[in-house]
**Q** 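Take a look at the following structure, please.
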Amino acid sequence: MQMSDIITEIAEDLYKARTTRTPIEFVRHRLPEKDKDAAYRISELVTQQREAAEGRRRVGRKVGLTNPVVQARAGVDEPDYGIILDNMVFESPVERPSSEYFHPKIEAELAFVLKSDILDTDLASVEAAIDYVTPAMELVDNRYHSYKMGIVDTIADNAACEGIVTGSVRIPYGEVDLKQVEMVLYRGDEELTRGVGGNVMGDPINAVQWLAETSLRIGKPLRAGEILLSGSIGLIVDWDPNVTYTAKYSHGFGDVVAHLSEAVHA
């Protein structure tokens, strides 16, 4: 079988898993070892299917694997990225049904919204294109049986991005030192994880610059209006149902609230 046919077949399997709510086996064994280009092509094909079949449109992108420790565990030396569609964006506080997810997890981040296209990727050009920064949570999920994924599995399944919850605070870029922004994520009253913006590649803007460079290289430059998730400030955690998760931020960013509801049968 030609590699192009294998890529198409895997994309169809992942899309079917999504629509039928049936997990599949990891796909890395069907591809050359750590073939990230093939994995991104699979992710792109699945996104195209979602756009065509469901009438969705792209509104942003996410960066993952921004922590060097996580990269080492995944056996990679750079981040990855996924696509954010219009039905994946929610405003805080949000309540979502657990039936929509396979293995829901959650992580707290900072998100950037662009006011202009990024066609030059030097830092000054990237910074000039940013309108504002807002607090966010990424809703993480995958179409496999577990989270024991390799990098190829993760990338192929949209870098495990299933949604984003945005806070109400919008701070113009440059007004706050993002490296110093503190975040604490709570499950009810229990603290789960905390961190500072500097955990994200030294500064979250570095994740945006990496994404701008990567996007331009593949011929899909970042566009005005896009929302960009820069990577987890703390640890990724399980998103348990029927309890409220709250990410609280310093420097005036406020908080982001998400609740996963599980139907209770009498």
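Source: prediction; values computed, not measured. Any value given below was found using the heavy atoms of this structure, including those in side chains, with hydrogens, waters and symmetry copies removed.
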**Q** Do any N or O atoms from the side chain of T134 and from the backbone of V169 form a donor-acceptor pair under 3.5 angstrom?
**A**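 Checking the backbone N and O of V169 against the side chain of T134, a donor-acceptor pair under 3.5 Å is found.
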
**Q** To the nearest 0.5 Å, what is the distance between CH2 (W239) and CZ (R187)?
**A**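 Interatomic distance, W239 CH2 to R187 CZ, rounded to 0.5 Å: 13.0 Å.
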
**Q** Contact between F112 and V126 at the side-chain level, heavy atoms closer than 4.5 Å - yes or no?
**A**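 No - every pair of side-chain heavy atoms lies 4.5 Å or more apart.
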
**Q** Would you mind reporting whether K105 and E162 have side-chain heavy atoms less than 4.5 Å apart?
**A**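 Side chain of E162 against side chain of K105, heavy atoms only: no contact under 4.5 Å found.
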
**Q** Quick one: does L139's side chain get under 4.5 Å of I164's, heavy atoms only?
**A**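 Side chain of L139 against side chain of I164, heavy atoms only: no contact under 4.5 Å found.
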
**Q** Identify the heavy atoms of Q49 and A11 that sit nearest to each other, and give their distance.
**A**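 For Q49 versus A11, the nearest heavy atoms are OE1-O, 3.5 Å.
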
**Q** Can you see whether Y186 has K248 sitting over its ring - NZ or CZ less than 6.0 Å from the centre and within 45° of the normal?
**A**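 Verdict for Y186: a cation-pi partner in K248.
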
**Q** Would you name the heavy atoms of A111 and A136 that are closest together and state the gap between them?
**A**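 Closest approach of A111 to A136: CB-CB, 4.0 Å.
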
**Q** Group every Ile, Leu, Val, Met, Phe, Trp and Tyr by side-chain heavy-atom contacts under 4.5 Å, then state whether L229 and L114 land in the same group.
**A**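 Each belongs to a different hydrophobic cluster.
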
**Q** Quick check on side chain to side chain contact (heavy atoms under 4.5 Å, CB included): which of I118, D122, D117 does D120 satisfy it with?
**A**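 Of I118, D122, D117, side chain to side chain contact (heavy atoms under 4.5 Å, CB included) with D120 is met by D122 alone.
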
**Q** Same hydrophobic cluster for V200 and M137, using side-chain heavy-atom links shorter than 4.5 Å among ILVMFWY?
**A**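 Looking at the clustering, M137 is in the same group as V200.
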
**Q** Any side-chain heavy-atom pair from L228 and L222 closer than 4.5 angstrom?
**A**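 Answer yes - side chains close enough.
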
**Q** Test side chain to side chain contact (heavy atoms under 4.5 Å, CB included) on T193 and V237; report intermediate values, then the result.
**A** CA-CA 8 Å; T193 183; V237 299; 4.3 Å; yes

**Q** Using the rule that Ile, Leu, Val, Met, Phe, Trp and Tyr join whenever any side-chain heavy atoms are under 4.5 Å apart, tell me whether I171 and L178 fall into a single cluster.
**A**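 Linked, I171 and L178 end up in one cluster.
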
**Q** Keeping N242 on the side-chain end and E262 on the backbone end, is there a donor-acceptor pair under 3.5 Å?
**A**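 Yes; judged by distance alone, with no hydrogens or angles, the pair exists.
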
**Q** Compare all side-chain heavy atoms of H103 with those of N142 and state whether any distance is below 4.5 angstrom.
**A**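 Touching, per the 4.5 Å side-chain cut-off.
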
**Q** Taking C161's backbone N and O only, do any of them form a donor-acceptor pair with K62's side chain (distance below 3.5 Å, no angle check)?
**A**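 Looks like no, no N/O pair under 3.5 Å.
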
**Q** Does E190, at its CD atom, have more than 12 non-hydrogen atoms belonging to other residues, nucleotides or ligands within less than 6.0 Å?
**A**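 Yes - once you tally the heavy atoms of other residues, nucleotides and ligands closer than 6.0 Å, there are more than 12.
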
**Q** Roughly how far apart are Y245 OH and L260 CG, rounded to 0.5 Å?
**A**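 Between atom OH of Y245 and atom CG of L260 there are 8.5 Å.
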
**Q** Any chance you could measure L211, atom CG, to T121, atom OG1, to the nearest 0.5 Å?
**A**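 If I round to the nearest 0.5 Å, the distance is 11.0 Å.
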
**Q** Calculate, to the nearest 0.5 Å, the distance between atoms CZ and CD1 belonging to R30 and I6 respectively.
**A**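 Here the rounded value is 8.5 Å.
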
**Q** In this structure, which one of I227, V113, V256 forms a side chain to side chain contact (heavy atoms under 4.5 Å, CB included) with T166?
**A**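 Going through the options one by one, the only one that passes is I227.
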
**Q** Would a distance-only check, ignoring hydrogens and angles, find a side-chain to backbone donor-acceptor pair under 3.5 Å from N158 to I83?
**A**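 Yes, the answer is positive, given that a donor and an acceptor are paired below the 3.5 Å cut-off.
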
**Q** Measure from the side-chain N and O atoms of E100 to the backbone N and O of P97, and report whether any donor-acceptor pair falls under 3.5 Å.
**A**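 No; zero donor-acceptor contacts below 3.5 Å.
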
**Q** Where is the tightest heavy-atom contact between E107 and S232, given as atom of each residue plus distance?
**A**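 So the minimum-distance heavy-atom pair works out to CB-OG, 3.5 Å.
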
**Q** Look at the side chain of Q180 and the backbone N and O of V196, then say whether any donor-acceptor pair between them is shorter than 3.5 Å.
**A**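 Pair absent, no side-chain N/O of Q180 close to backbone of V196.
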
**Q** Ignoring hydrogens and geometry, is there a side-chain-to-backbone donor-acceptor pair from Y144 to M149 under 3.5 Å?
**A**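 Such a contact is absent between Y144 side chain and M149 backbone.
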
**Q** Quick one: are L65 and T154 in side-chain contact, heavy atoms under 4.5 Å?
**A**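 No - every pair of side-chain heavy atoms lies 4.5 Å or more apart.
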
**Q** Below 4.5 Å, heavy atoms only, C-beta onward: do I42 and L45 meet side chain to side chain?
**A**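 The answer is no, as the side chains (C-beta and beyond) never meet within the 4.5 Å cut-off.
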
**Q** Kindly determine whether Y40 and Y81 satisfy ring pair (Phe, Tyr, Trp, His ring centres under 6.0 Å), including the steps that lead there.
**A** CA-CA 9 Å; Y40 279 121; Y81 69 87; 4.3 Å; yes

**Q** To the closest 0.5 Å, what do you measure between CG (D157) and CG (D141)?
**A**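 The CG atom of D141 is 8.0 Å from CG of D157, to the nearest 0.5 Å.
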
**Q** For N87, which residues count as a side chain to side chain donor-acceptor pair (under 3.5 Å) partner, sequence neighbours excluded?
**A**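 None.
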
**Q** So, the side chain of S230 versus the backbone of A207: is there a donor-acceptor pair under 3.5 Å, distance only?
**A**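 Looks like no, no N/O pair under 3.5 Å.
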
**Q** Looking only at atom types and distance, does a side-chain atom of D238 sit under 3.5 Å from a main-chain N or O of D240, one as donor and one as acceptor?
**A**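 Checking the backbone N and O of D240 against the side chain of D238, no donor-acceptor pair under 3.5 Å is found.
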
**Q** Where is the tightest heavy-atom contact between Y249 and E109, given as atom of each residue plus distance?
**A**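 Residues Y249 and E109, closest heavy atoms: OH-O, 2.9 Å.
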
**Q** Please give me the minimum heavy-atom distance between A159 and G82, naming the atom from each residue.
**A**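 Where A159 meets G82 most closely, the heavy atoms are CB-N, 3.9 Å.
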
**Q** Rounded to the nearest 0.5 Å, how far does OG of S92 lie from NE2 of H259?
**A**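 If I round to the nearest 0.5 Å, the distance is 13.0 Å.
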
**Q** Can we say R58 and E44 salt-bridge, meaning some charged N sits less than 4.0 Å from an Asp/Glu carboxylate O?
**A**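 So R58 pairs with E44 through a salt bridge.
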
**Q** Going by heavy atoms in the side chains, are R41 and D37 under 4.5 Å from each other?
**A**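 Side chain of R41 against side chain of D37, heavy atoms only: no contact under 4.5 Å found.
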
**Q** Out of curiosity, does M183 fall in the hydrophobic cluster containing V208 (side-chain heavy atoms, cut-off under 4.5 Å, transitive links)?
**A**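 Per the 4.5 Å side-chain linkage, V208 and M183 are co-clustered.
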
**Q** Can you tell me if CG on D189 sees more than 12 non-hydrogen neighbours from other groups inside 6.0 Å?
**A**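 At most 12 heavy atoms, drawn from other residues, nucleotides or ligands, come within 6.0 Å of this atom.
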
**Q** Search all heavy atoms of Y15 against all heavy atoms of A53 and return the closest pair with its distance.
**A**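 For Y15 versus A53, the nearest heavy atoms are OH-CB, 3.2 Å.
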
**Q** Please determine whether residues F26 and I155 belong to a single hydrophobic cluster, defined as Ile, Leu, Val, Met, Phe, Trp and Tyr linked transitively by side-chain heavy-atom distances below 4.5 Å.
**A**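 Shared cluster, yes.
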
**Q** Just by modelled atom types, is the R56 backbone N or O under 3.5 Å from a matching donor or acceptor in the D86 side chain?
**A**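 Such a contact is absent between D86 side chain and R56 backbone.
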
**Q** Go through E51 and V46 one step at a time and tell me if the side chain to side chain contact (heavy atoms under 4.5 Å, CB included) criterion holds.
**A** CA-CA 9 Å; E51 290 174 304; V46 175; over 6 Å; no

**Q** Who are the side chain to side chain donor-acceptor pair (under 3.5 Å) partners of T20, not counting sequence neighbours?
**A**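 Partners of T20 under the side chain to side chain donor-acceptor pair (under 3.5 Å) test: T22.
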
**Q** Are more than 12 heavy atoms from other residues, nucleotides or ligands located less than 6.0 Å from atom NZ of K115?
**A**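 Buried by this count: over 12 neighbours within 6.0 Å.
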
**Q** Check the surroundings of atom CZ in R21: do more than 12 heavy atoms from other residues, nucleotides or ligands lie under 6.0 Å from it?
**A**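 Yes, because the 6.0 Å sphere around CZ of R21 holds more than 12 heavy atoms from other groups.
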
